[in-house]
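These values consider heavy atoms only, across backbone and side chains, with no hydrogens, waters or symmetry-generated copies. Because the structure is predicted, anything quoted here is derived from the model rather than measured. Order of the sequence lines sets the chain letters (A, B, ...), proteins ahead of strands, with each chain counted from 1.
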Amino acid sequence: MSTGVANGQGAPARSHAVPLCPSAQPTQDGAFAFGVVGGAPGERRVGYLEGRVPVTDELLAMTGPVKPTHVFRFGAPCAGSGCSHFDGSDCNLATKLVQLMPPVSKSLPACQLRPDCRWWKQEGKAACMRCPVIMTDCYTRSEEQALAANPNTPVPVPVGV
Amino acid sequence: MEYQYAPNIVSMDGFSDAVAASVSLSLEEQQQYSASSSSSFEPTMGYFPVEP
Ligand code: SF4
């Protein structure tokens with residue numbers, strides 16, 4: 001099977017009927033990599049790929065001893081009620097990350113997932129302005145990130161409501 | 001930390017290098033993490049399957 005990795009090609013964005021989760025697991029059906037976590041130790045930042053790279057054994061092998069979710073951001077169709085963050089209509093993880101974490105970027109990342117991204121559809125620009133610091137798995141989470149990541153953390157009530 | 005970052009684009013030509021750099025950063029962080037064993041478990045930030 002061609003991965004598009006060896007020949008340096010990523011697939012262009014295509015529109016999906018089901019919104020895509022922008023922090024998925026590579027084991028999910030239809031998963032692909034759209035970001036690589038770069039930056040510096042303790043200051044990791046996602047670099048957004050020019051294309052979507054399908055998950056294959058070859059891709060996963062590239063991370064060697066490191067868990068692929070430490071290295072890549074994967075997209076995959078949203079699992080809906082199969083995910084602890086979904087409340088029946090919204091992704092509470094997206095709500096919490098926007099409410100709990102400060103924005104890190106003024107400009108929107110050139111992100112291949114955007115046409116289908118659940119976080120973007122739900123929270124708009126505010127999600128994208130925080131997205132570069134989201135690592136699916138890592139060793140160094142800020143307190144706010146850890147709170148947002150935990151499905152048991154209640155969704156904060158917006159100020160003034 | 002607010003607004004300090006201009007998002008990066010990773011070209012497909014630079015894909016393998018970006019992955020290799022990311023892997024070594026992760027290994028470095030893993031070592032630091034093991035050295036400071038007081039760190040607590042960090043939950044996955046993303047798809048979190050519902051318990052059956
Ligand atoms: S939140 Fe924005 S930048 Fe992040 S994956 Fe979704 S569309 Fe891309």
Out of curiosity, A/Cys111 SG to B/Ile9 CD1, how far, rounded to the nearest 0.5 Å? 10.5 Å

So how far is it from A/Leu93 CG to B/Phe48 CZ, rounded to the nearest 0.5 Å? 10.5 Å

Rounded to the nearest 0.5 Å, how far apart are NZ of A/Lys96 and CE of B/Met45? 9.0 Å

Between A/Gln25 and B/Thr44, is any pair of side-chain heavy atoms under 4.5 Å apart? yes

Quick one: does any side-chain atom of B/Ser22 pair with a main-chain N or O of A/Val36 as donor and acceptor, under 3.5 Å? no

Which heavy atom of B/Glu29 sits nearest to which heavy atom of A/Ala40, and what is that distance? OE2-O, 4.2 Å

Top contributor to chain A interface from B/Gly14, B/Ala21, B/Ser26 [non-hydrogen pairs under 4.5 Å]: B/Ser26

Rounded distance [0.5 Å steps], OH in A/Tyr139 versus CD in B/Gln31: 10.5 Å

Would you say the side chain of A/Ser81 lies within less than 4.5 Å of the side chain of B/Val50, judging by non-hydrogen atoms? no

Of the non-hydrogen atoms in A/Ser84 and B/Pro49, which two are nearest, and what is the gap between them? OG-O, 3.4 Å

Counting only non-hydrogen atoms closer than 4.5 Å, does B/Ala18 touch chain A with its backbone (N, CA, C, O), its side chain (CB onward), both, or neither? both

Student check: side-chain heavy atoms of B/Phe15 and A/Val53 closer than 4.5 Å: yes

Nearest non-hydrogen partners of A/Gly51 and B/Met12, listed with the distance: N-SD, 3.8 Å

Between A/Pro41 and B/Gln32, which heavy-atom pair has the shortest distance, and what is it? CB-NE2, 4.4 Å

Checking A/Arg45 against B/Asn8 for the side chain to side chain contact (heavy atoms under 4.5 Å, CB included) test, could you report, in this order, the C-alpha distance in whole Å, the side-chain angles of both residues, the deciding distance, and whether it holds? CA-CA 8 Å; A/Arg45 300 284 186 270; B/Asn8 279 337; 5.6 Å; no

